[in-house]
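Chain A is the first sequence line, chain B the second, and so forth, proteins listed ahead of strands; every chain is numbered from 1. These numbers come from a predicted model, not from an experiment.
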Number of protein chains: 2
Amino acid sequence: MAKTRAEKMEETRIKLIAAGRKAFAEKGFASASMDELTAGAGLTRGALYHNFGDKRGLMAAVVDQIDTEMATEAQKVGQSAGGGWQGLMAEGAAYIKLALRPEVQRIVLLDGPAVLGDPSQWPSQNRCLQATITTLGELAEQDAIKPVDIEAIARLLNGAALNSALWVAASDDPHATFDKAVTAFECLASGVLKTPAPN
Amino acid sequence: MAKTRAEKMEETRIKLIAAGRKAFAEKGFASASMDELTAGAGLTRGALYHNFGDKRGLMAAVVDQIDTEMATEAQKVGQSAGGGWQGLMAEGAAYIKLALRPEVQRIVLLDGPAVLGDPSQWPSQNRCLQATITTLGELAEQDAIKPVDIEAIARLLNGAALNSALWVAASDDPHATFDKAVTAFECLASGVLKTPAPN
DNA sequence: CACTTGACATACGCTGCGTATGTCAATACA
DNA sequence: TGTATTGACATACGCAGCGTATGTCAAGTG
């Protein structure tokens, strides 16, 4: 069967995003050549500028894809941990673990802010936050946490988790450092609990 | 009196760093032209590449200057708050307040990581952390905090504080959001206390 | 007072982005 | 079904900006 035009266009978008994701991860945004990148996908810069406007546009699409994946994954982990406090802790650990991937570090944590600006304004980041905010909301209804601004707590927790991943990844013994980071995360998070942490 | 060569060179370094700081803050690293920048300082790119090696080298010098200033300032605030727990809280609020300056946001929080890599590896950031670690160390000696890894806590607190500044700055009502951020910061920080937070 | 060093300027090449223009296949329409 | 039209993508061009190779002249040296 002949492919429709819309289908083919969707294919090229997918190919370009995949190529961009690879190039940005391996060389960083600044050093990734659009000529090389598109050629690798069997296309030219023409396709890129037609579909995404400019280099930044492709970056935005790539970032959106990556941290949509992260949000989905972390949310899933949180829910299968049973939601509530356990879910929140599992989500935090999941974020740190996901952010250990070099691809995430380079694209989302290092280059993303420089290219796209403040991460708290990204649509995808708001999707990530939503999971945390929802979980915190449940806890608030159960009167389990202090009466503080939930959004603020969620943002600080997310920021702390993502940042600590860079530290973990750069450490000599990532495994041991990961454990320290998760423990510290849980320790800080316990500050919002009304009852002392169950350690 | 005639100026010695070393003195003149020091002057050009200072001029270039000042010009870089201004240009990077106003246009961002990528869009800052080294030709313009150096011309504004009454010099040429020759001086720049002689003194700093490349564009990144100047960026490193600028970042180092800025967050050395931040470390000094925050430490001062923490000490005049009397050290200990009050000092730690004051330090945190000070970091958030310092990071509200557009110059800091653009250079240190957005472009810095992309250009220089993981902030936790910057020499200057380690200076910033040192203050927090010292304060936490005092508290540990007084047996006031839980037996967790101090470095990990310090890194998470610093990361949370700096990140929240971006959120505050981008909000509709920065003043109100600042209060929320500081309250949330103190709430999370209280998680390391053995005795429940004095709220 | 010749000589050397080195701080900085000048000149060049190359890479790479964005855009203007061209082309050809897929749809619309008669 | 043949013609017109759109639009997805390729090709070609101009320009900015980085890094480097080379030049110059004043400050230090013996």
Run the side chain to side chain contact (heavy atoms under 4.5 Å, CB included) test on B/Val104 and B/Asp67 for me, step by step, so that the C-alpha distance in whole Å, both residues' side-chain angles and the decisive distance to 0.1 Å come before the verdict. CA-CA 8 Å; B/Val104 173; B/Asp67 59 21; over 6 Å; no
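Atoms NE2 (B/His50) and P (C/dG6) sit 9 Å apart, rounded to a whole Å. Rounded to an integer number of Å, the gap from NZ of B/Lys15 to P of C/dA7 is 15 Å. As a whole-Å value, the separation of A/Phe52 CZ from D/dA8 C1' is 13 Å. If you take CE of B/Met9 and C1' of C/dT5, they are 13 Å apart, rounded to a whole angstrom. As a whole-Å value, the separation of A/Asp35 CG from C/dG18 P is 11 Å. Remark: C1' of D/dC18 and CE of B/Met59 are 16 Å apart, rounded to the nearest angstrom. Atom C1' of nucleotide C/dC8 and atom CD1 of B/Ile14 are separated by 17 Å, given to the nearest angstrom. If you measure from atom CG of A/Leu16 to atom C1' of D/dA10, you get 13 Å, rounded to the nearest angstrom.
Between B/Thr44 and C/dT10 there is no side-chain polar atom (N or O) within less than 4.0 angstrom of OP1 or OP2. Considering only side-chain N and O atoms, B/Asn51 lies under 4.0 angstrom from the phosphate OP1 or OP2 of C/dC8.
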Determine all donor-acceptor pairs shorter than 3.5 Å in which one atom belongs to a side chain in residues 161-168 of chain B; sequence neighbours excluded.
residue  : atom : partner  : partner atom : Å
B/Asn163 : ND2  : B/Gly159 : O            : 3.2
B/Ser164 : OG   : B/Ala160 : O            : 3.2
B/Ser164 : OG   : B/Ala161 : O            : 2.7

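With respect to B/Lys27 and B/Asp111, no salt bridge is recorded, no charged nitrogen being found less than 4.0 Å from a carboxylate O.
Annotation: side-chain hydrogen bond (donor to acceptor under 3.5 Å, both in side chains) contacts of A/Thr72 (sequence neighbours excluded): none. Residues passing the side-chain contact (heavy atoms from CB on, under 4.5 Å) test with A/Ala30: none are found, sequence neighbours excluded. Checked against ring pair (Phe, Tyr, Trp, His ring centres under 6.0 Å), A/Phe24 has the following partners two or more places apart in sequence or in another chain: A/Phe29. Listed by chain and number, the residues in a salt bridge (Lys or Arg N to Asp or Glu O under 4.0 Å) with B/Arg56 amount to none (sequence neighbours excluded).
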Atom pairs under 3.5 Å, N or O on each side, protein against nucleotides 19-25 of chain D: can you list them with distances?
residue : atom : partner : partner atom : Å
D/dG19  : OP2  : B/Tyr49 : OH           : 2.4
D/dG19  : OP2  : B/Lys55 : N            : 3.4
D/dG19  : N7   : B/Arg45 : NH2          : 2.6
D/dG19  : O6   : B/Arg45 : NH2          : 2.2

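Residue pairs that meet the salt bridge (Lys or Arg N to Asp or Glu O under 4.0 Å) test with at least one member in residues 173-185 of chain B, sequence neighbours left out, are A/Asp149-B/Lys180. Residue pairs that meet the side chain to side chain donor-acceptor pair (under 3.5 Å) test with at least one member in residues 94-104 of chain B, sequence neighbours left out, are B/Arg21-B/Glu103, B/Arg101-B/Glu103.
DNA chain D is contacted by B/Ala32, B/Ser33 of residues 21-33 of chain B, taking any non-hydrogen atom closer than 4.0 Å.
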